[in-house]
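Report on the structure given below.
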Number of protein chains: 2
Amino acid sequence: MRADAQRNRDRIVEVARALFRAKGFDAVSMDEVAKGAEVGPGTLYRHFPTKESLYDAVLEAWAEKVNATVDSALALDAPAREQLLTWLTDYAAMLTEHKGAAARITAALGDPGSPFAAKCQTYLNANQRLIDALDSALRPGVEAMQISRLVGGVAAVADNSALPSDSVASMLAIVADGLLAP
Amino acid sequence: MRADAQRNRDRIVEVARALFRAKGFDAVSMDEVAKGAEVGPGTLYRHFPTKESLYDAVLEAWAEKVNATVDSALALDAPAREQLLTWLTDYAAMLTEHKGAAARITAALGDPGSPFAAKCQTYLNANQRLIDALDSALRPGVEAMQISRLVGGVAAVADNSALPSDSVASMLAIVADGLLAP
DNA sequence: GAACTATACGGAGACACTCTCCGTTTTGCA
DNA sequence: TGCAAAACGGAGAGTGTCTCCGTATAGTTC
């Protein structure tokens, strides 16, 4: 990639990250990002063919954080319920950091053609590792996809309604108890 | 209201209901509804100032169905778990009947200014009646708002991803077990 | 049934947004 | 320095929501 192209790409992602974080996905227009990054719309769209692909680039760091978060929850010297709750809470918190991300990633969970497919896989793998680790403490037959969708759904609701963290925690506690073996 | 106005209003709602049901909220444009009802955009917007207010009119019958559904679940001669699951499943099924409704109604749950405020109240009341009826079978301290948001979130995910009913059922079973007393 | 007024109609178009085309500019290399 | 490939950027096409206002109609009054 040419140096000017790289420069522009970096600036676009940086500006977009700030805007998305401040206003949420829907409230940010591509023109706004282009103006902020001081490039024309054409340049922006050559780097990122759709708004979603730009969002995907912005969430690049997110995937790494998911892995680190599930690791640290599983490393806890605590009962399975606490490990589970820690992970669910941390994950939901991570999602609501970027307004609109929860619904988008959750919606893409079953769609391999989505721009977020790679991120969905990371997330699914994290829940699979959780299942493998907690094993018999969990409800028999529970699947990574189920946990991913349930928690994604709760996170999306929390995000949409800008719920305080204790409301989210009480909902996640219900989900966690449902996930644990009877 | 003048007779021609009433006629037009009725036709608009009828056309909109069919379109929303067939294509989902987002995929239907107001121009499309206006053309289908053979009125100008101006007429459409005088009757319904926003697209959401039109959707609200379309979902008018929905509120009555909610009440009937919770009643019939509570009338079941069955254990609390089955009553709960029946209601949750029926409710989620009702929401996914209209693509996009789940997310919208759930998002409006805490917002009295929303065009869907009346429908949210119906839904919250239904869950409150459920709590009153099942009482000690449920997790202590559980609130109608929590159930509404949880199930709304699951329904929204199911709707977005067009999940088959058994996937939805398995997720709702997890939620139901979390809602029941330990 | 004709005249009149309040009410409703409907289409042109303002505005916002996503995304494209293509002439112009810049970069990196020979 | 000269040149081809790469990248730029802005005008504008296409689509959506929603508004303004001149025109048509319903319902009332004589």
Side-chain angles (χ1 to χ4, degrees), chain A residues 1-59 98-101 103-104 107-108 113-116, chain B residues 1-20 22-59 99-101 103-104 107-108 113-116:
Chain A
M1 191 183 299
R2 244 168 62 173
D4 54 345
Q6 184 66 57
R7 249 192 334 266
N8 279 336
R9 190 186 191 284
D10 291 348
R11 218 170 44 248
I12 287 169
V13 172
E14 193 185 338
V15 166
R17 194 193 319 276
L19 284 173
F20 282 141
R21 196 182 290 256
K23 309 171 63 173
F25 184 82
D26 289 331
V28 174
S29 82
M30 290 296 262
D31 269 23
E32 204 176 345
V33 175
K35 280 211 167 58
E38 296 176 318
V39 301
T43 301
L44 172 55
Y45 276 93
R46 195 164 345 87
H47 284 293
F48 304 101
T50 66
K51 193 175 172 182
E52 303 237 309
S53 70
L54 172 58
Y55 201 38
D56 186 59
V58 164
L59 294 180
H98 294 271
K99 241 179 115 42
R104 252 154 249 284
S114 154
F116 301 124
Chain B
M1 191 182 301
R2 242 167 62 173
D4 55 345
Q6 184 67 55
R7 249 192 335 264
N8 279 335
R9 190 186 191 283
D10 292 348
R11 217 170 46 247
I12 288 170
V13 172
E14 194 185 336
V15 166
R17 193 194 320 275
L19 284 173
F20 282 142
K23 309 171 62 173
F25 184 82
D26 289 332
V28 175
S29 81
M30 291 295 264
D31 269 22
E32 204 177 345
V33 174
K35 281 212 166 56
E38 295 175 320
V39 300
T43 301
L44 173 54
Y45 276 93
R46 194 164 345 88
H47 285 293
F48 304 101
T50 66
K51 194 175 171 182
E52 304 238 308
S53 70
L54 172 59
Y55 202 39
D56 186 60
V58 165
L59 293 180
K99 241 179 115 42
R104 252 153 249 283
S114 155
F116 302 123

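Keep in mind that the numbers below use all heavy atoms, side chains included, and drop hydrogens, waters and symmetry copies. All figures in this text were calculated on a predicted structure; none of them were measured in a lab. Letters A, B, ... mirror the listed sequences (proteins, then strands); counts begin at 1.
Going from atom CG of A:Asp26 over to atom P of D:dT17 covers 15 Å, rounded to whole Å. In this structure, B:His47 atom NE2 and D:dC18 atom P are separated by 16 Å, rounded to whole Å. Look at CD on A:Gln6: it is 13 Å from C1' on D:dA7, rounded to the nearest Å. Atom CG in A:Leu44 sits about 17 Å away from atom P in D:dA11, given to the nearest Å. For the pair A:Tyr45 OH and D:dA11 P, the interatomic distance rounds to 17 Å; values are reported in whole Å. Remark: P of D:dA5 and CZ of A:Arg46 are 17 Å apart, rounded to the nearest angstrom.
Within 4.0 Å of B:Val28, counting heavy atoms only, lie sugar-phosphate atoms of the nucleic acid but no base atom. Residue contacts for B:Asp31: at a heavy-atom cut-off of 4.0 Å it reaches a base atom on one of the strands shown.
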Next on the checklist: The test is side-chain contact (heavy atoms from CB on, under 4.5 Å); show your working for A:Asp10 and A:Gln6 and say whether it passes.
Outcome noted: CA-CA 6 Å; A:Asp10 291 348; A:Gln6 184 66 57; 3.0 Å; yes

Item to check | Intermediate values then yes/no, side-chain contact (heavy atoms from CB on, under 4.5 Å), A:Phe48 and A:Tyr55 | outcome: CA-CA 9 Å; A:Phe48 304 101; A:Tyr55 201 38; over 6 Å; no

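You can see that DNA chain C meets the heavy atoms of chain A within a 4.0 Å-exclusive cut from C:dC17 to C:dG28, reading 5' to 3'.
Counting only heavy atoms from C-beta outward, the side chains of B:Val13 and B:His47 never approach each other to under 4.5 Å. B:Leu44 has its side chain out of reach of B:Pro41: every pair of non-hydrogen atoms, C-beta onward, lies at least 4.5 Å apart. In this structure, A:Leu59 and A:Arg17 have side chains that are not in contact, with every pair of non-hydrogen atoms separated by 4.5 Å or more. The shortest distance between side-chain heavy atoms of A:Glu32 and A:Val15 does not fall below 4.5 Å.
Mapping A:Glu52 and B:Asn8 onto DNA chain C via the closest heavy atom, the residue that lands nearer the 5' end is B:Asn8. When each of A:Lys51 and B:Arg9 is assigned the nucleotide of DNA chain C bearing its nearest heavy atom, the one mapping closer to the 5' terminus is B:Arg9.
When every heavy atom of A:Ala108 is checked against every heavy atom of A:Ser114, the shortest pair comes out as CB-OG, 3.2 Å.
Distances shorter than 4.0 Å separate none of the side-chain N or O atoms of A:Thr43 from OP1 or OP2 on D:dA7.
Under the 3.5 Å distance criterion, the side-chain polar atoms of A:Arg21 are left unmatched by any main-chain donor or acceptor of A:His98.
In this structure, B:Lys51 does not pair ionically with B:Asp26, as no charged nitrogen and carboxylate oxygen lie closer than 4.0 Å.
Taking the screw axis at each terminus of the helix from C:dG1-D:dC30 to C:dA30-D:dT1 from five consecutive base pairs, the angle between the two is 10° to within rounding of 10 degrees.
Cation-pi contact between B:Lys99 and B:Phe20: absent, since separation from the ring centre below 6.0 Å together with deviation from the ring axis within 45° is not met.
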Item to check | B/S/- contact track for nucleotides 23-30 of chain D, protein heavy atom under 4.0 Å | outcome: --BSS---

